[in-house]
Amino acid sequence: MKYEHLFGHHAVNTALKKDAERIHRILILKGRRDERMQKLVDTASQLKIQIEVATKRDLDELVEGASHQGVVALCKPIQTYNEKYLNQLLDNLEEQPFLLVLDGVTDPHNLGACLRTADAAGVQAVIAPKDKSAPLNATAAKVACGAAEAVPYILVTNLARALKNLQERGIWITGTAGETDQELYQSNLTGPMVLVMGAEGQGMRRLTRENCDQLVKIPMAGEVSSLNVSVATGVCLFEAVRQRG
């Protein structure tokens, strides 16, 4: 089996807590025995996960120079989900649906940041099309700081059809588009809702846009015409959180 490299204390600790069965073994930096590392080692030992000592060069090579903080876990890939899982999730929700859709977001760093924000905002799932979407890889997991294991990442075959199915459940679809006249802060973001964020530059695809119930924009006061998608996602989600009380 080909293992992914999960790195950084927060990401590895979250995997130990949420999905320890994914972890094949953990490599720790030789000579690193501070309290934080010792707690991680103790947790892994209790779960009977193999621990090995490695040099800084070995760890650097595994993560291609990224900041590993002295710990790298060799893991099975993070599980992604499909439409069947989405329907089961919605059938069993005890609160109003609050979902995030990423249409054409292909950078794993942006995916990780969006997952982290979604988790903080209380989003129940992040949905994306199977094609032309960022993979849920080690980079995304590191940026997500544990949210990749906590928030389901659902890949759908046909996003337009998935949005229609959500509408049939009475869920309101709010898309973001710079050219609309309706500003985010004058929009109704309460009730069952999906927030749709498009790719930087291109925005949402035409069919995605056509399946939105409303389009909103973030008012921009400076010279730049748009924000990074993960920043814009945070702005929009937490305005929804504010409105939803």
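Position 1 is the first residue of the sequence, and the numbers go up from there.
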Between the side chain of [X] and the main-chain N/O of [Y], is any donor-acceptor distance below 3.5 Å?
{"X": "Q214", "Y": "N188", "result": "yes"}
{"X": "N82", "Y": "Y85", "result": "yes"}
{"X": "E149", "Y": "T14", "result": "no"}
{"X": "E83", "Y": "T157", "result": "yes"}

K164/E168 salt bridge by N-O under 4.0 Å criterion: no

Salt-bridge criterion met for R244 and E95 (N-O under 4.0 Å): no

Within 6.0 angstrom of Q186 CD, more than 12 heavy atoms from elsewhere: yes

Working for side-chain hydrogen bond (donor to acceptor under 3.5 Å, both in side chains), residues D42 and Q46: CA-CA 6 Å; D42 291 344; Q46 290 170 7; over 6 Å; no

Specify the closest pair of heavy atoms between [X] and [Y], including all atoms of both residues, with the distance to one decimal.
{"X": "N110", "Y": "S230", "value": "OD1-OG, 3.9 Å"}
{"X": "L40", "Y": "H9", "value": "CD1-ND1, 3.8 Å"}
{"X": "V126", "Y": "A118", "value": "CG2-CB, 3.9 Å"}
{"X": "V241", "Y": "A121", "value": "CG2-O, 3.5 Å"}
{"X": "G198", "Y": "V229", "value": "O-CG2, 3.5 Å"}
{"X": "V196", "Y": "C212", "value": "CG2-SG, 4.4 Å"}

Decide whether [X] and [Y] are clustered together by the hydrophobic rule: side chain heavy atoms of Ile, Leu, Val, Met, Phe, Trp, Tyr closer than 4.5 Å, transitively.
{"X": "I49", "Y": "V41", "result": "yes"}
{"X": "L47", "Y": "Y3", "result": "no"}
{"X": "F98", "Y": "L115", "result": "yes"}
{"X": "L100", "Y": "L155", "result": "yes"}
{"X": "L215", "Y": "L166", "result": "yes"}

Worked verdict on I127 versus L86 for side chain to side chain contact (heavy atoms under 4.5 Å, CB included): CA-CA 9 Å; I127 303 165; L86 175 60; 3.9 Å; yes

Quick check: do [X] and [Y] have side-chain heavy atoms less than 4.5 Å from each other?
{"X": "N165", "Y": "R169", "result": "no"}
{"X": "F7", "Y": "L59", "result": "no"}
{"X": "R22", "Y": "E4", "result": "yes"}
{"X": "K217", "Y": "Q182", "result": "no"}
{"X": "V123", "Y": "L195", "result": "no"}
{"X": "T190", "Y": "W172", "result": "no"}
{"X": "I51", "Y": "S45", "result": "yes"}
{"X": "L16", "Y": "I26", "result": "yes"}

From CA spacing to verdict: side chain to side chain contact (heavy atoms under 4.5 Å, CB included), L189, L184: CA-CA 9 Å; L189 303 176; L184 174 71; 3.7 Å; yes

Derivation and outcome, side chain to side chain contact (heavy atoms under 4.5 Å, CB included), residues V105 and M197: CA-CA 8 Å; V105 175; M197 305 298 299; 5.5 Å; no

Would you mind writing out the side-chain donor-acceptor pairs for residues 71-80 within the sub-3.5 Å range, not counting sequence neighbours?
none

Just how far is it from atom [atom1] of [X] to atom [atom2] of [Y], taken to the nearest 0.5 Å?
{"X": "L111", "Y": "L102", "atom1": "CG", "atom2": "CG", "result": "6.5 Å"}
{"X": "Q96", "Y": "I171", "atom1": "CD", "atom2": "CD1", "result": "10.0 Å"}
{"X": "L237", "Y": "M193", "atom1": "CG", "atom2": "CE", "result": "7.5 Å"}
{"X": "Q124", "Y": "L93", "atom1": "CD", "atom2": "CG", "result": "4.5 Å"}
{"X": "L62", "Y": "H68", "atom1": "CG", "atom2": "NE2", "result": "8.5 Å"}
{"X": "R209", "Y": "T176", "atom1": "CZ", "atom2": "OG1", "result": "9.0 Å"}

Audit row: V53, R32, side chain to side chain contact (heavy atoms under 4.5 Å, CB included) steps and yes/no: CA-CA 9 Å; V53 175; R32 177 80 182 270; over 6 Å; no

Determine all donor-acceptor pairs shorter than 3.5 Å in which one atom belongs to a side chain in residues 135-146; sequence neighbours excluded.
unit_1: N137; atom_1: OD1; unit_2: T139; atom_2: N; d: 3.2
unit_1: N137; atom_1: OD1; unit_2: A140; atom_2: N; d: 3.0

